[in-house]
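Chain letters run A, B, ... following the sequence lines, proteins first, then strands; residues in each count from 1.
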Number of protein chains: 4
Amino acid sequence: MRDKTDQIIRAAINVFVKKGFLQATTQEIAKEADVAEVTLYRKFSTKQNLFETVIKKVLENQFQTKIIKIAEENTDSFFLKILDDRLETLSKNHKMIKMLLAESLMGNLSNDLNFPVLIFNGLKKGIQLHFDCMNINANVELVAQQIGGILLSNVLFINGAPYFELTHEEKKVILNHHLQSLKANL
Amino acid sequence: MRDKTDQIIRAAINVFVKKGFLQATTQEIAKEADVAEVTLYRKFSTKQNLFETVIKKVLENQFQTKIIKIAEENTDSFFLKILDDRLETLSKNHKMIKMLLAESLMGNLSNDLNFPVLIFNGLKKGIQLHFDCMNINANVELVAQQIGGILLSNVLFINGAPYFELTHEEKKVILNHHLQSLKANL
Amino acid sequence: MRDKTDQIIRAAINVFVKKGFLQATTQEIAKEADVAEVTLYRKFSTKQNLFETVIKKVLENQFQTKIIKIAEENTDSFFLKILDDRLETLSKNHKMIKMLLAESLMGNLSNDLNFPVLIFNGLKKGIQLHFDCMNINANVELVAQQIGGILLSNVLFINGAPYFELTHEEKKVILNHHLQSLKANL
Amino acid sequence: MRDKTDQIIRAAINVFVKKGFLQATTQEIAKEADVAEVTLYRKFSTKQNLFETVIKKVLENQFQTKIIKIAEENTDSFFLKILDDRLETLSKNHKMIKMLLAESLMGNLSNDLNFPVLIFNGLKKGIQLHFDCMNINANVELVAQQIGGILLSNVLFINGAPYFELTHEEKKVILNHHLQSLKANL
DNA sequence: GATGAATGAGGATTCATTCAT
DNA sequence: TATGAATGAATCCTCATTCAT
């Protein structure tokens with residue numbers, strides 16, 4: 001039984017990512033999951049509910065931050081690791097992210113699943129922690145916005161290769177650029 | 001006759017902004033425009049077509065940049081004016097922007113209407129121009145991404161008051177913060 | 001003004017023949033006639049009316065029989081000339097005929113425009129006349145049906161070249177075949 | 001479940017025969033079948049599809065010929081039986097036939113459902129078979145056309161009572177007439 | 001006489017969801 | 001638990017026709 005549930009969730013992820021919430025149909029999801037459409041309703045009662053379940057699952061599994069663990073490292077290392085880690089994750093889940101952003105923007109996601117908000121709050125908390133550790137007195141809000149902006153622009157303004165496919169050197173250039181920017185206001 | 005067309009466009013803007021492309025119905029638009037649904041089809045032939053017409057119009061009227069005009073000013077002034085101008089516009093059209101972003105992310109917008117792409121390319125061109133004027137040798141792509149990120153984060157991470165409602169002083173703090181960041185890599 | 005009316009009728013013939021009554025749209029006819037859609041309504045008040053006008057016109061111009069003129073010729077000549085004349089006309093107006101038949105079958109044509117009925121009655125009258133002249137005592141109804149059948153089968157069962165494109169010899173074979181059949185019951 | 005499907009098919013036959021393909025509405029069919037309109041779409045996916053399914057079914061059930069079985073009988077018997085059998089069937093399904101013909105003429109039927117073509121080919125095959133058996137050397141094409149014509153004229157030129165309601169004597173007159181015609185060219 | 005603008009009515013089709021087994 | 005069958009509600013769109021100029 002767990003089996004069918006998993007099949008449905010996997011299928012739902014695919015279809016939602018490919019089509020978005022509104023254009024995904026329970027029919028297609030059921031078909032992709034190789035399950036009767038009703039089965040899906042038995043388990044999730046509602047398309048919206050299935051969607052949220054899926055999102056929750058994804059958010060837990062793919063986008064956990066370890067930001068707190070590194071809060072105590074020195075500032076350069078802290079920023080570099082955050083940026084590298086997040087850019088890696090975002091670029092690897094590009095399509096998923098786009099969908100999450102889109103659905104957040106359309107208001108289809110309850111606040112505890114709102115992707116940009118989650119990112120932003122996560123960043124703020126981590127940065128606050130680090131600044132406390134390091135006794136830095138700077139505008140947490142703005143720094144968080146700055147880092148968030150860097151991340152977003154990597155999702156929305158992509159031309160060339162995604163971050164995770166860059167060479168070590170190329171990544172270093174980018175990371176360093178952003179690091180300088182961030183340190184300019186400390 | 002222009003009259004009804006305008007009514008329709010105005011209504012369409014409202015409804016599309018409020019609901020997004022998929023959930024907006026031609027019926028609702030017609031009703032809000034106080035026009036028979038058919039009239040709308042006579043004039044725009046298709047919901048998609050109406051949508052694109054509306055977007056095009058909005059993009060022309062609301063989001064024209066004067067970035068080129070200020071490319072020759074000194075770097076501080078250049079960055080500050082861009083940021084201030086864009087933040088003002090974006091924050092004033094917050095809901096519209098969200099819709100534009102969402103639809104772009106969902107792939108409902110042909111490339112010449114793709115909002116983030118348009119912003120990013122506009123920024124790049126302006127920055128390139130300025131750097132040429134000033135004989136600055138820096139990574140245009142990354143600077144554009146940086147500015148783009150700042151703008152995006154103001155759309156997506158808003159908690160408090162929107163930019164355009166801030167006091168002169170508050171704006172100054174923000175602008176200055178970002179200016180320092182930008183100059184760190186020149 | 002006659003001008004526009006004629007344009008409309010010509011266009012209507014084309015479109016009705018191409019699409020049939022139901023699938024022809026007044027829009028398409030107007031466009032093909034290079035006339036505003038309303039103009040068509042000014043002149044014909046109704047799609048049905050336009051259709052009937054067109055049919056009437058076509059029936060008068062294209063399908064007039066001279067069957068009465070030849071009623072006095074000898075029987076062989078009479079039958080041969082009828083068959084040849086009708087087959088020539090029908091094969092030259094193949095698409096039009098198909099449309100007329102179809103619309104008759106669908107009941108879209110008032111009785112005085114009902115194509116098969118018109119043909120059948122015309123045949124009966126001519127045959128009766130001829131039989132009276134020649135003092136032949138035979139079943140007019142059945143002979144008319146027979147000739148009608150020959151004509152219909154040439155419209156509906158066409159494989160090869162249409163009648164009017166055949167050589168003189170080929171036509172002769174066909175005509176003779178049918179002549180023998182017809183004479184078998186006199 | 002077969003139940004509802006059958007209800008729909010029966011209703012569809014009625015409505016299509018009464019109104020033709022274009023003017024029949026899925027709504028009316030659903031209503032007559034006492035079924036929700038959607039149910040019809042679940043089962044047949046498309047109005048066109050439903051139509052073709054219905055036609056196929058009708059063609060199989062009502063218009064099967066046993067022409068091959070009688071190919072070996074003597075010529076008189078062969079022709080008489082064909083004519084009688086087909087005239088009986090056609091006259092009993094007069095409205096259905098009219099619809100089938102009309103839709104064929106309008107080009108709404110794929111070739112394997114094209115009614116006149118099916119009839120004609122059936123006739124040709126049977127006649128060929130018979131001629132082979134009997135060592136008759138005659139123009140199969142023309143004979144098939146002739147028989148086809150007889151049948152068609154009985155569908156299209158009806159005034160009086162339909163064939164199947166005639167007395168034995170009346171039928172005999174008609175059949176004999178046509179038999180003489182047919183034999184005239186052997 | 002001709003037309004641009006507008007519309008009421010209706011049609012096929014799709015979707016999320018429920019019922020009964 | 002799983003599902004085949006059924007559906008109410010809605011959506012985009014088309015068409016013949018009328019109004020006002």
Side chain to side chain donor-acceptor pair (under 3.5 Å) evaluation trace for Lys47(B) with Thr26(B): CA-CA 7 Å; Lys47(B) 186 187 174 188; Thr26(B) 53; over 6 Å; no
Candidate pair Asp34(A) and Gln7(A), rule side chain to side chain donor-acceptor pair (under 3.5 Å), full reasoning: CA-CA 8 Å; Asp34(A) 198 28; Gln7(A) 282 173 45; over 6 Å; no
Glu32(B) and Arg10(B): CA distance, side-chain angles, deciding distance, salt bridge (Lys or Arg N to Asp or Glu O under 4.0 Å) verdict: CA-CA 9 Å; Glu32(B) 177 136 350; Arg10(B) 264 199 304 277; over 6 Å; no
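Proximity of Phe120(A) to Leu156(B): side-chain heavy atoms (C-beta onward) are nowhere separated by under 4.5 Å.
Regarding contacts with the backbone of dT13(E), a side-chain N or O of Thr46(D) is found under 4.0 angstrom from either OP1 or OP2. Between Lys43(A) and dA2(F) there is a side-chain N or O to OP1 or OP2 distance below 4.0 Å. The side chain of Lys4(C) places an N or O atom within less than 4.0 Å of a non-bridging phosphate oxygen (OP1 or OP2) of dT3(E).
Listed by first residue number, the stems of DNA chain E with at least three Watson-Crick or G-U pairs below 3.5 Å are E:2-21 with F:2-21.
Note on Glu37(C) versus Arg42(B): salt bridge recorded, some NZ/NE/NH1/NH2 to OD/OE distance being below 4.0 Å.
Taking atom CZ of Phe44(A) as the reference point, atom C1' of dT18(E) lies 18 Å away to the nearest angstrom. One can place CG of Leu50(B) at 15 Å from C1' of dT11(F), the figure rounded to the nearest angstrom. Residue Lys47(A) contributes atom NZ, which lies 19 Å from atom P of dA9(F) at whole-angstrom precision. Rounded to an integer number of Å, the gap from CG of Asp3(B) to C1' of dT21(F) is 16 Å. As a whole-Å value, the separation of Asn49(D) CG from dT13(E) C1' is 13 Å.
Using bins of under 30°, 30° to 60° and over 60° for the plane-to-plane angle, the ring pair Phe51(C)/Phe16(C) lands in the perpendicular bin.
Of the residues in residues 20-42 of chain A, those lying under 4.0 Å from DNA chain E by heavy-atom distance are Ala24(A), Thr25(A), Thr26(A), Glu37(A), Val38(A), Tyr41(A).
With sequence neighbours excluded, no residue forms a side-chain hydrogen bond (donor to acceptor under 3.5 Å, both in side chains) with Asn114(B).
Side-chain atoms of Lys57(C) never come within 3.5 Å of backbone atoms of Ile9(C) as a donor-acceptor pair (strictly under, hydrogens ignored).
The line from CG of Leu100(D) to CG of Asn93(D) is 9.0 Å long, rounded to the nearest 0.5 Å.
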